[in-house]
Amino acid sequence: EPYSRVREGGEIAEEEEDDDDDDETNLNRILGHAMTAKEAYLMGAKPSNKEAYMDTVRDTHYRKVWNKLQRVESEDTVESENKNKKKKNKKKKKKKKKPITRQELIERYSIVNIGGSVIPTFNPAFRIWEYNISDIADESDFGISKDKPWDEFFESLDKIMEESLLEDEPDSKNIDSRISSEGSDKKKKRKSDDKTVPVEMPEGYGLGPAYVPQLFTPTRFVQFYADLEKINKEYYSSLDESKDVFKYEVEYTSDEKPYSMDTLTVGSYLDLAGRLYEDNPAWEQYVEWSFASSGYKDD
Amino acid sequence: DVRSGKDKKLHGRFLHITDMHPDSYYVEGTSIDAVCHSGKPDKKNDVAPKFGKAMSGCDSPVLLVEETLRWVKENLRDKIDFVIWTGDNVRHDNDRRNPRTEAQIFDMNDIVATKMTEIFSAGNEEDPRDFDVSVIPSLGNNDVFPHNMFALGPTLQTREYYRLWKNFVPQQQQRIFDRSASYLTEVIPGRLAVLSINTLYLFQANPLVDNCNSKKEPGYQLLLWLGYVLEELRHRGMKVWLSGHVPPIAKNFDQSCYDKFTLWTHEYRDIIVGGLYGHMNVDHFIPADGKKARKSLLRNL
């Protein structure tokens with residue numbers, strides 16, 4: 001389906017080409033980063049080129065989101081623009097990118113959250129996530145499952161995985177006998193059936209907690225960090241060795257600037273990515289926290 | 001809790017903690033240049049301090065990990081519902097005079113797993129799987145030997161991790177865990193699950209991973225597991241958090257593994273709440289484009 005869509009619309013094809021060019025550039029930069037990271041690894045766990053890495057994140061991932069945010073129009077506008085463009089496309093291919101709805105933009109993304117570490121690559125850190133449980137609190141049948149026990153499911157999954165491994169063995173007698181008992185049509189179908197590619201989400205399935213505020217939607221996070229310089233200083237300057245100097249502090253929360261997120265849906269993250277791309281002070285603050293307020297800078 | 005029959009209060013909060021890297025060779029007062037293991041410091045800035053030093057290149061002193069977990073126990077334990085713990089519980093292999101051994105990796109993982117059990121378990125001697133706060137560990141690239149390399153199970157390593165994590169991994173998933181070192185935990189029974197995904201099977205730095213297209217590839221088998229589990233969760237009307245050590249971003253995964261994994265997260269956007277990962281030590285987020293992953297996959301297939 002995407003193949004035919006790509007072939008149909010010149011403008012979408014152009015977007016594809018843009019993306020491919022970007023990918024090539026990204027790949028080169030990423031490889032450069034990976035090589036540096038490997039060198040750093042060989043020497044130890046000392047951070048290296050992390051600012052450059054974050055700049056790449058901004059210039060690629062966040063920039064692409066920002067670009068798409070600029071194309072977001074209301075649904076009515078998008079519909080009428082699409083109609084107009086179909087007519088115009090017949091006459092002349094235009095370079096202007098196709099408008100999209102906010103819903104289309106949000107649905108195509110998911111968010112990969114990468115946590116700060118306890119190891120003091122920067123300062124030690126971890127995160128507390130808060131999520132919506134308001135609709136579950138008063139349920140009386142909470143936790144009662146009407147489904148078959150998990151053991152049955154995992155037993156059958158174990159068999160599926162076992163069989164899948166055998167399917168790849170052309171000389172295996174097991175495979176020969178299984179295939180021959182299934183008939184040639186099934187054999188053909190099975191061979192071309194890659195179960196590691198998902199089918200599209202059926203129409204009519206509502207968007208989940210990552211997209212629309214509902215039960216289990218993450219609502220806020222609190223990022224904790226331990227200021228090692230301060231802790232060590234306090235320990236060494238204290239005359240009392242038994243004094244408890246070690247503690248974590250709140251570094252930042254998702255509802256304060258530049259995050260300013262009132263909920264942690266994909267849409268909120270995309271808005272944040274757009275802000276971080278265009279707003280330098282916000283970006284600087286974000287990067288400082290990305291490095292757990294350690295003051296890290298590339299050499 | 002249907003299994004234990006006990007009432008549990010939900011707090012609407014959970015902890016994500018990652019990359020502890022405790023180093024039993026860390027010695028306070030040694031040289032940072034010698035990864036805080038030995039030597040006389042050259043200058044004031046070269047001294048390994050008691051609680052560890054940011055940006056020094058040294059791993060965590062064991063004390064730092066102990067103090068971290070103590071702080072979590074005293075300040076957070078009774079306010080959270082579950083803990084997502086995304087691996088790397090051993091020092092780096094960065095000291096030629098003290099190369100890591102497989103036994104050391106298992107031993108340190110055993111120590112940290114025992115510590116996590118002590119903190120979050122319900123203290124029920126008759127049922128060691130009874131936890132006040134569910135803990136969901138996943139496997140890091142430093143938790144395996146040799147570094148980064150992890151074969152499709154069953155192997156001695158998958159069995160060893162089942163032994164170390166036997167209180168965390170649901171018993172009925174032992175055989176599946178032996179294959180994939182991945183499992184599912186129902187953190188809110190019948191409602192919310194967390195998947196512990198062995199991302200090393202998708203990781204391009206794992207020399208045993210070529211792609212995710214051949215059925216014998218560990219990544220193919222992992223994605224097979226992921227697909228069936230997600231479908232079952234959808235069928236049950238449950239929601240799910242994904243978790244693992246290596247984040248699913250293009251630079252970390254083989255291209256086919258990245259495309260397929262991203263596509264699964266896209267097509268199950270009705271049930272997936274989000275994904276939590278570690279490995280990179282930098283606190284940030286990356287938007288993953290599902291539509292683009294499908295295009296890339298089709299193009300490459």
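Quick note on labels: first sequence line is chain A, next is B, and so on, each numbered from 1.
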Heavy-atom pair with the smallest gap, counting every atom of [X] and [Y]:
{"X": "B:H92", "Y": "A:I119", "value": "CE1-CD1, 3.6 Å"}
{"X": "A:E200", "Y": "B:E267", "value": "CA-OE1, 3.3 Å"}
{"X": "A:I114", "Y": "B:G278", "value": "CG2-O, 3.7 Å"}
{"X": "A:F122", "Y": "B:A54", "value": "O-CB, 3.1 Å"}
{"X": "A:K50", "Y": "B:M280", "value": "NZ-O, 4.2 Å"}
{"X": "A:L157", "Y": "B:I176", "value": "CG-CD1, 3.8 Å"}

CG on A:L215 to CD1 on B:I188, rounded to 0.5 Å: 7.5 Å
Once you round to the nearest 0.5 Å, how far does OH of A:Y296 lie from CE of B:M55? 9.0 Å
Which of the residues [options] is involved in the greatest number of heavy-atom pairs with chain A at under 4.5 angstrom?
{"options": "B:G219, B:G290, B:P287, B:A205", "answer": "B:P287"}
{"options": "B:H21, B:H16, B:E74, B:H279", "answer": "B:H16"}
{"options": "B:W241, B:Y228, B:F14", "answer": "B:F14"}

Over 60° means perpendicular and under 30° means parallel, so tell me whether B:H284 and A:Y53 are parallel, tilted or perpendicular. perpendicular
Report which part of [X] has an atom under 4.5 Å of a heavy atom belonging to chain B: side chain, backbone, both, or neither.
{"X": "A:Q214", "answer": "side chain"}
{"X": "A:E162", "answer": "both"}
{"X": "A:L270", "answer": "side chain"}
{"X": "A:A125", "answer": "neither"}
{"X": "A:Y235", "answer": "side chain"}
{"X": "A:Y252", "answer": "side chain"}
{"X": "A:L276", "answer": "side chain"}

Has [X] got more than 12 heavy atoms of other residues, nucleotides or ligands less than 6.0 Å from its [atom1]?
{"X": "B:R175", "atom1": "CZ", "value": "no"}
{"X": "B:E231", "atom1": "CD", "value": "yes"}
{"X": "B:Q171", "atom1": "CD", "value": "no"}

Only one of B:H266, B:K291, B:R269 forms a side chain to side chain donor-acceptor pair (under 3.5 Å) with A:E107, so which one is it? B:R269
Considering the options B:D88, B:N281, B:T18, B:D19, which one meets the side chain to side chain donor-acceptor pair (under 3.5 Å) requirement together with A:S117? B:N281
Pair B:R191, A:D135 - check salt bridge (charged side-chain N to carboxylate O under 4.0 Å, His left out), show working. CA-CA 12 Å; B:R191 291 305 186 91; A:D135 293 342; over 6 Å; no
So do B:Y268 and A:M201 actually touch side chain to side chain, heavy atoms under 4.5 Å? no
Hey, are the side chains of A:F126 and B:T68 touching, using non-hydrogen atoms and a 4.5 Å cut-off? yes
Under 4.5 Å heavy-atom distance to chain A, tell me which part of [X] shows up: side chain, backbone, both or neither.
{"X": "B:I272", "result": "backbone"}
{"X": "B:I249", "result": "side chain"}
{"X": "B:R179", "result": "side chain"}

Highest number of heavy-atom pairs under 4.5 Å with chain B: which of [options]?
{"options": "A:S110, A:A226, A:P124, A:P202", "answer": "A:S110"}
{"options": "A:T219, A:L207, A:V222, A:D158", "answer": "A:D158"}
{"options": "A:A292, A:S290, A:G208, A:A210", "answer": "A:S290"}
{"options": "A:V197, A:V57, A:D227", "answer": "A:V197"}
{"options": "A:F291, A:Y62, A:Y211", "answer": "A:Y62"}
{"options": "A:D244, A:T265, A:V245", "answer": "A:D244"}

The side chain to side chain contact (heavy atoms under 4.5 Å, CB included) partner of B:K215 among A:M161, A:K195, A:E167 is A:E167
Would A:Y248 and B:N75 count as a side chain to side chain donor-acceptor pair (under 3.5 Å) if you check the C-alpha gap in whole Å, the side-chain angles of each, and the deciding distance to 0.1 Å? CA-CA 10 Å; A:Y248 276 82; B:N75 296 280; over 6 Å; no
Please determine whether side-chain contact (heavy atoms from CB on, under 4.5 Å) holds for the pair B:H235 and A:D147, giving the CA-CA distance in whole Å, both sets of side-chain angles, and the decisive distance to 0.1 Å. CA-CA 9 Å; B:H235 173 74; A:D147 295 298; 4.2 Å; yes
Partners of B:K79 by side chain to side chain donor-acceptor pair (under 3.5 Å), sequence neighbours excluded? none
Between A:Y286 and B:D283, do the side chains contain a donor N or O and an acceptor N or O under 3.5 Å apart? no
Hey, is the main chain of A:T196 close enough, under 3.5 Å, to the side chain of B:W264 for a donor-acceptor pair? yes
Walk me through whether B:I271 and A:F216 qualify under side-chain contact (heavy atoms from CB on, under 4.5 Å). CA-CA 10 Å; B:I271 63 165; A:F216 301 139; over 6 Å; no
Decide yes or no on side chain to side chain donor-acceptor pair (under 3.5 Å) for A:W150 and B:E186, but give the supporting numbers first. CA-CA 10 Å; A:W150 279 106; B:E186 283 186 284; 2.9 Å; yes
Going through the distances and angles, do A:K64 and B:D289 end up as a salt bridge (charged side-chain N to carboxylate O under 4.0 Å, His left out)? CA-CA 10 Å; A:K64 281 183 183 173; B:D289 189 337; over 6 Å; no
Please report the C-alpha distance between B:V229 and A:F153 in whole Å, then the side-chain angles of each, then the deciding distance to 0.1 Å, and finally whether the side-chain contact (heavy atoms from CB on, under 4.5 Å) criterion is met. CA-CA 9 Å; B:V229 169; A:F153 167 75; 4.1 Å; yes
What about A:F224 and B:W71, are their ring centers closer than 6.0 Å? yes
Criterion side-chain contact (heavy atoms from CB on, under 4.5 Å) on B:Y277 and A:V112, from CA distance to verdict: CA-CA 8 Å; B:Y277 305 90; A:V112 176; 3.8 Å; yes
